[in-house]
J.: 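Before anything else, here's the structure in question.
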Amino acid sequence: MRQGTNQVTSDAAVVALSTGKISRRQLLTMTAAGVTAATLPGLSASALALQEAGQRGGSLHGAVALPATSMDPYTARAASGDFIVWRALYNNLLELGETGDPIPELATEWTISEDGLTYTFSLQPGVTFHDGTVLDAAAIQATLDRYRAEGSTFSGAEKLRVISEIDSSDPGTLVITLSAVNAPFLATLATCPIVSPTAVEEMGEDLTLHGVGSGPFKFESWEPNATAVFSRNENYWELAADGEPYPLLDEFVLDGVPDDSVRLLNLRSGQFQIIDRINPRDLASVSGDPDIQTVETPHATPHIVAMNPNRAPFDNLLLRQAVSHALDRQAIIDNLSFGTGYTTTLPFPKDAWFFVDDPAPVYDADRAKELLAEAGFSDGIDVKLTHINRTVDTQLAQIVKAQLEAVGFRVEIESLERTTWVDLWKAGEGELGLLQGSAQPTDPDVEAGIFLAGSFINWTEYNNPDVQDLLVAANAVTGREERLSIWKEIAGHVVEDAVYIYIGNTPTVAGIRSNVHDVQFVSGLIWELTHASMS
Amino acid sequence: MAFLTPGSTSHVLPLVPGARSGRQVTRLHHLTRQVRRSRQATIGLAIVGTMTLIALLAPVLVRWDVGVPVLTDALLSPSRAHPMGTDELGRDVLGRLVHGARVSLSVAALAVGVSVLAGVPLGMVAGFWEGKIGAAVMRFTEAIQAFPAVLLAIAIASALGPGIENAMIAIGVVGIPAYARLARAEVLRLKSSEFVHAARASGAGSGRILIRHVMPNGTAPIIVAISTGSASAILTEAALSFVGLGATPPTPSWGSMLQNGYQFITIAPWLGIFPGIAISVTTFGFIFLGDGLRDLSDPRLRGR
Amino acid sequence: MHFFARRLVQTVPVLLFISALTFGLLLLLPGDPVLGLLGPGVDIDSQAVDDMRAELNLDKPIPVQYATWLGNVLKGDLGRSAATKQPVSDAILSRLPVSAFLTLYAVAIMLLIALPLGILSAVKHGTGWDLLASAISVFGLAVPGFWLAILMIMFLAVRLDWLPASGYVSPRESLPDSLRYLLMPAIAMGAAGAGTLTRQLRSSLLEVMRDDYIRTARAKGVRGRAVVYRHALRNALIPSTTMLGLIVGQLIGGSLIIESIFLVPGMGSLLVTAIFTRDFPIVQAGTLVIAVIVVLINLGVDVLYGVLDPRID
């Protein structure tokens, strides 16, 4: 199984799931190993081998680039640290494996009605929250209702609005009815951690500082913007081979360390045992280190050049297309990702079933000059490039400037703090800007917000009616092939309209010390530590 | 970084004891003549002079555009073609450092200019009219100084927006209180001196005394402070750049080069080491020059 | 004590001014604070954004916002962090001791360097030793603190593996570990202060040594070292104490970048994060707390100075 490709592994998983002859743990391990073996041929298979009985005990200290913003998913700001906290403290109805295949969690199995509108979930019995509250259908409904309510601050609130009704009358069964067919619905549920309703009621705002879920780890302490500490949940519902409950680790400590160099230094010194990403520039420096495994996750960071189509000068389609032809995307992504990346057309990672890199913008400097002249700027034009002052964007800004100036643009760069940048673009005053996305391998809908009219993350307020219709259509069918062909059509518009130019993806590479075993990655880059152990 | 306010490096307490007579008018004159007699001043002057020369001649020394990426040459280690290597965009580090001297030194000059032009008059007024005005000015400077200097610079720089000009203003504002206190102390000292008493006795008005008698005699310590203040400004620019509020790329300020180099410290140490050396050597030069000048301007130290 | 009371009264307008200044600066900052709080992947409706704005009082006129905040502060309520809902007082109480300990450590290192170097410099005034000592102290001032930090991490932590690259252990947990973890940040923070202090010590020693009573002492046959230790040092320490007070004041606020590099969970890193995420309650209260401490230290220094040097009224 370990040598299998993604597709083989996931097929195996699907088969195994349907026959019920495989444990959840094996499933997680299989998908994780499948992906890493496929994408990282240099990595020794033994490093990822399934440890039959992982050792109990130990404290795992990890670090992520963006610290957790809350212990309560309802108020969390969807930073990378938040998702990892969610996996530690909470359970979802289900999880998504590397290729977007659902893995049972609180829901042991489910059926979807013929019309695709009604989902019936059978729930794992005997699960309790850390505060002793029973986790039944009503508790799940309480969480979902809170997330999808009017004015909810839950980061995925909009996606949950497709729910029309929830029925929790049978404690062991949850029935959710949708108002329309929604292909990514299971993916949406996979990012809805279930919170103790008792805690919501009793703790109110303090829940932000003190999460109460049913996950493998319990909340111990949290110093915002610094360290969060979680301890083993002795009453976790999933049992290990020795008959005792998972998890194997006694403690999980999570730090937020925005600086890539500092994070890596501490992994190398052993201060941290796992970090969420190693900057590609540093990969060469750790490749010889026997104490560190580098794991290429299926997640990637897309680099995007954005233009505001609602404001001069980039309301001019020809001018946007000139930019699109002026950029040598391959050279840029090679430089930004230090040779680890690849070009793409949409914010999707290369091993996902919905990856699209064709059609793509074509690098053609002469054509760019022609378009510039056609647009009426044969003498060149002054444009302002605004970007957030992080290293990669600063690097990209200077390349974009040089390549655009080579065809006749005159570019002034403005490096802004994130808040200022957001404010500028939210006010509709950006001209030319740089973005970083998050390409997740689970479902294309996860990143669809950037093309969706009225969405918070559609920075340029790109609104092509054809694209809007296609986005609806892409969720209204459930077959992967049909969905992919719709997304290819969307890609055609995105390239033609040149509002968002996808340069390429930098794959996310995690770093783990060699004495840590069985860390699995869900939804691309989120650590699943239930089965992890240390030696 | 925050320490290098002129007030702290020269004197917080009333300045330069001694020197109480009209002879001071000639102090500045002495000073320039005697610079070469002090080893510190000589070393400092040599460094500052060289850096200034490099900054002035940058367009002649390095004729290519140091902002344009050469992606095929990214991260080359130091070699004959690139004595200090290339950065992540394939640009020659030495060339950028040379042009960076221009940026960093003009930041220092303009920032100190802002501090001096705002701080010195404020301090003089506070010293001359001690009562309520003086107290108000002093409370104001105390308040600014109680603010963490880097935080204040960050706040001002983010409020003004990015860019090197705004960084200069931010750095300048942060430096105002130090010059104000310095100027006030000088005025207080000179006010009680015999020649001011004499001028007052002969019927000169306050403004006239301030401009004709106090100002020329108070300049030496201010010049000393400007020298150390320049060092401080260069360091604050580096700190601002470090948090992303300095020069806009591709402008090569030393601070932004250092910040950038820090990102690549594990694989391309030359990117962080050379700008760090440039900053350190230049600030070293300014401080030495300031020290030397102060020793020379203190007649009691002069003879030794 | 009359002097003390007067100075204490004088600090009130200073603190008021600082709080107003902080408030004003925050208003000048570009960027909608609510948008600053939202993360990259957030997909919520505009109603929720408006609710957040109302919750942070940002929908009210500016003077009302300030008055409300000031009123609450006087009642002892510093509010809650806009980002994490943590009570601001909790955030400050958990981070202030960390910064305080680091600052003390930095001061200790500073004294260890500055005292011998300053004395050497003054005693051997005008010789090569003096120049060397000056050069060392000036280098402390000239090298950017964070560059020193980076170089130390590269060599002491990564190459030689002598010290942990970053992190923090509370001294209550283990004092030796705590000192080991904080050694590099303390050096990075203390270097500049050591430079300042060495130079101050040198110049005040030189000055004192020229004074009449030293000359008298010398004339009476008290020689070299004895003069320095018994007479000169004691008097020279008076201005140095003042300087030390100022340095401590600046250290508290000057640790922002160093704390961020070494992942020390102190006030500096708290404030840097807060200013960039536009977490106004934290910035306002944090700045005020630092300002109060600095003002109190200055006050303490003034009082001490009055005690040590009775010529001041």
Side-chain angles (χ1 to χ4, degrees), chain A residues 258-265 267-268 278-287 289 328-339 384-406 411-421 423-424 434, chain B residues 64-77 86-92 96 153-167 170 240-253 255-272:
Chain A
D259 191 287
D260 288 343
S261 305
V262 174
R263 208 162 56 247
L264 180 61
L265 285 174
L267 178 75
R268 298 182 71 173
I278 297 178
N279 193 304
R281 66 172 185 243
D282 295 322
L283 280 175
S285 72
V286 289
S287 63
D289 192 332
D328 182 354
R329 290 156 63 247
Q330 186 67 51
I332 298 176
I333 193 63
D334 283 349
N335 180 268
L336 291 185
S337 69
F338 295 82
K384 193 183 272 180
L385 170 63
T386 45
H387 72 92
I388 301 175
N389 56 11
R390 27 185 189 200
T391 312
V392 180
D393 286 351
T394 308
Q395 199 170 330
L396 177 57
Q398 298 177 75
I399 307 176
V400 168
K401 173 183 161 81
Q403 296 192 347
L404 290 185
E405 292 190 338
V411 183
E412 186 199 336
I413 297 178
E414 250 189 30
S415 312
L416 303 172
E417 287 172 65
R418 182 175 176 278
T419 311
T420 317
W421 188 95
D423 210 35
L424 180 83
L434 302 180
Chain B
W64 64 90
D65 185 342
V66 297
V68 171
V70 187
L71 297 185
T72 44
D73 287 353
L75 295 176
L76 299 178
S77 48
T86 62
D87 66 8
E88 77 283 6
L89 293 169
R91 301 173 299 197
D92 182 66
R96 284 178 68 74
I154 290 177
I156 297 173
S158 1
L160 294 174
I164 200 81
E165 299 82 10
N166 292 335
L240 276 184
S241 291
F242 200 79
V243 293
L245 292 171
T248 299
T251 309
S253 88
S256 58
M257 289 179 71
L258 180 54
Q259 190 274 338
N260 193 48
Y262 165 54
Q263 296 298 321
F264 294 91
I265 196 86
T266 51
I267 48 163
W270 60 89
L271 283 184

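Within every chain, numbering begins at 1; the chains are lettered A, B, ... in the order of the sequence lines, protein sequences first and strands thereafter. No experiment lies behind these values; they were computed from the predicted model shown.
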J.: Taking salt bridge (Lys or Arg N to Asp or Glu O under 4.0 Å) as the cut-off, I'd like each qualifying pair that reaches into residues 387-396 of chain A, sequence neighbours left out, listed once.
T.: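 Qualifying pairs, neighbours excluded: R390(A)-D393(A).
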
J.: Looking at every heavy atom in both A331(A) and L71(B), which two are closest together, and how far apart are they?
T.: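 Reported closest heavy-atom pair: O-CD1, 4.0 Å.
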
J.: Looking at side-chain heavy atoms only, is the closest gap between N279(A) and F264(B) below 4.5 Å?
T.: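 Answer no - side chains too far apart.
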
J.: I want to check something: taking the side chain as every heavy atom from C-beta on, are Q263(B) and D259(A) in contact at a cut-off of under 4.5 Å?
T.: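 A side-chain contact exists here, since the closest heavy-atom pair is under 4.5 Å.
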
J.: Nearest 0.5 Å please: distance from the CG atom of D334(A) over to the OG1 atom of T72(B).
T.: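 Between atom CG of D334(A) and atom OG1 of T72(B) there are 12.0 Å.
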
J.: So for T391(A), is it side chain, backbone, both, or neither that comes closer than 4.5 Å to the heavy atoms of chain B?
T.: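 Contact with chain B involves the side chain of T391(A) alone.
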
J.: Without placing hydrogens or testing angles, list every side-chain donor-acceptor pair under 3.5 Å for residues 243-251 of chain B, not counting sequence neighbours.
T.:
| residue | atom | partner | partner atom | Å |
| --- | --- | --- | --- | --- |
| T251(B) | OG1 | T248(B) | O | 2.9 |

J.: What is the distance from atom CG of N260(B) to atom CD of Q398(A), rounded to the nearest 0.5 Å?
T.: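 One finds 7.5 Å between CG of N260(B) and CD of Q398(A).
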
